[in-house]
Amino acid sequence: MEERNFTEEERYGRAKKRVEEIKGFYGNLTAYIVVNLFLMAINLLTSPNHLWFYWPMLGWGIGVIFHGLRVFNYMPFLGKDWEERKMKEYMDEEERRKNEWK
């Protein structure tokens with residue numbers, strides 16, 4: 001991959017975006033924990049013989065896991081490298097088509 005020199009402003013913008021992504025993940029994780037503890041308490045207090053709290057915990061938990069994988073770049077598929085390669089591929093293809101029409 002070609003190395004690019006980023007200006008200070010570009011580096012700041014990229015760092016700020018990254019921090020916002022991480023902050024968003026931790027907000028999601030905090031909401032997941034608080035809401036699911038609340039749902040668990042409601043379930044155990046109102047109908048302990050019929051447990052249902054784990055269904056929303058499971059569904060939302062899968063989302064939280066994928067959110068964390070994406071934010072912390074652990075996606076084995078469709079990660080940042082894949083995005084950059086695809087964008088370059090489309091840009092190269094567009095440039096090739098433009099040159100064919102000349």
Side-chain angles (χ1 to χ4, degrees):
M1 188 168 145
E2 106 183 25
E3 191 172 320
R4 183 173 165 213
N5 293 324
F6 294 105
T7 66
E8 192 67 25
E9 187 176 323
E10 288 174 320
R11 288 178 46 226
Y12 177 81
R14 290 169 62 96
K16 183 176 180 180
K17 182 180 179 212
R18 183 85 178 106
V19 167
E20 287 173 0
E21 288 174 349
I22 293 170
K23 193 167 112 178
F25 168 73
Y26 284 124
N28 188 9
L29 181 61
T30 300
Y32 170 80
I33 292 168
V34 170
V35 169
N36 280 295
L37 285 174
F38 181 70
L39 291 175
M40 184 187 305
I42 288 173
N43 183 194
L44 294 175
L45 292 172
T46 59
S47 57
N49 295 331
H50 176 68
L51 301 179
W52 51 262
F53 70 87
Y54 54 86
W55 291 112
M57 186 180 288
L58 176 66
W60 192 355
I62 291 169
V64 169
I65 288 169
F66 279 105
H67 188 183
L69 289 173
R70 184 180 54 79
V71 167
F72 295 107
N73 295 321
Y74 290 121
M75 290 294 258
F77 50 90
L78 303 181
K80 292 268 188 212
D81 291 341
W82 178 86
E83 288 178 16
E84 289 180 19
R85 282 193 317 270
K86 255 331 192 192
M87 287 172 46
K88 183 173 178 358
E89 178 183 319
Y90 289 136
M91 289 169 61
D92 291 347
E93 182 179 328
E94 185 176 316
E95 186 67 28
R96 183 184 51 80
R97 285 183 185 168
K98 189 169 47 170
N99 289 334
E100 286 177 356
W101 288 95
K102 287 184 180 182

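Please read these numbers as outputs of a predicted model, since none were measured by experiment. All values below were derived from every heavy atom in this structure, side-chain atoms included, with hydrogens, water molecules and symmetry-related copies excluded.
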Same cluster or not: are [X] and [Y] linked, directly or through other Ile, Leu, Val, Met, Phe, Trp or Tyr residues, by side-chain heavy atoms under 4.5 angstrom apart?
X: F66; Y: W55; result: yes
X: L39; Y: V34; result: no
X: V19; Y: F72; result: no

Looking at residues at least two apart in the chain, or sitting in another chain, which of them share a side-chain contact (heavy atoms from CB on, under 4.5 Å) with [X]?
X: K23; result: none
X: F38; result: I42
X: E8; result: R11

Looking at side-chain heavy atoms only, is the closest gap between [X] and [Y] below 4.5 Å?
X: K98; Y: E95; answer: yes
X: F25; Y: V64; answer: yes
X: E93; Y: R97; answer: yes
X: K86; Y: Y90; answer: yes

Measuring from atom [atom1] of [X] to atom [atom2] of [Y], what distance do you get when rounded to the nearest 0.5 angstrom?
X: K16; Y: Y12; atom1: NZ; atom2: OH; answer: 5.0 Å
X: F53; Y: L58; atom1: CZ; atom2: CG; answer: 11.5 Å
X: I33; Y: L29; atom1: CD1; atom2: CG; answer: 4.0 Å

For this session: Please confirm whether the backbone N or O of V71 pairs with a side-chain atom of R18, one donor and one acceptor, at under 3.5 Å?
Result: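 Indeed, once roles are kept as given, a pair shorter than 3.5 Å links the two residues.
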Exercise. With distance as the sole test, does N36 use its side chain to make a donor-acceptor pair with the main-chain N or O of Y54 at under 3.5 Å?
Worked result: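 Absent.
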Mind listing the closest non-hydrogen atom pair of [X] and [Y] along with its distance?
X: W52; Y: S47; value: NE1-OG, 3.8 Å
X: M57; Y: M40; value: CE-CE, 3.7 Å
X: H50; Y: N43; value: O-ND2, 2.9 Å

Problem set entry | Electrostatic pair E10:R14 at N-O distance under 4.0 angstrom |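 Result for this pair is no, no salt bridge flagged.
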Problem set entry | Salt bridge flag under 4.0 Å for residues D92 and K88 |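 Judged by the 4.0 Å cut-off on N to carboxylate O distance, D92 and K88 do form a salt bridge.
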Problem set entry | Residues, nucleotides or ligands: over 12 heavy atoms within 6.0 Å of E89 CD |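 For E89, atom CD is crowded (more than 12 foreign heavy atoms under 6.0 Å).
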Exercise. Would you find more than 12 non-hydrogen atoms of other residues, nucleotides or ligands less than 6.0 Å from Y26 atom OH?
Worked result: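 Open: at most 12 neighbouring heavy atoms sit under 6.0 Å from OH of Y26.
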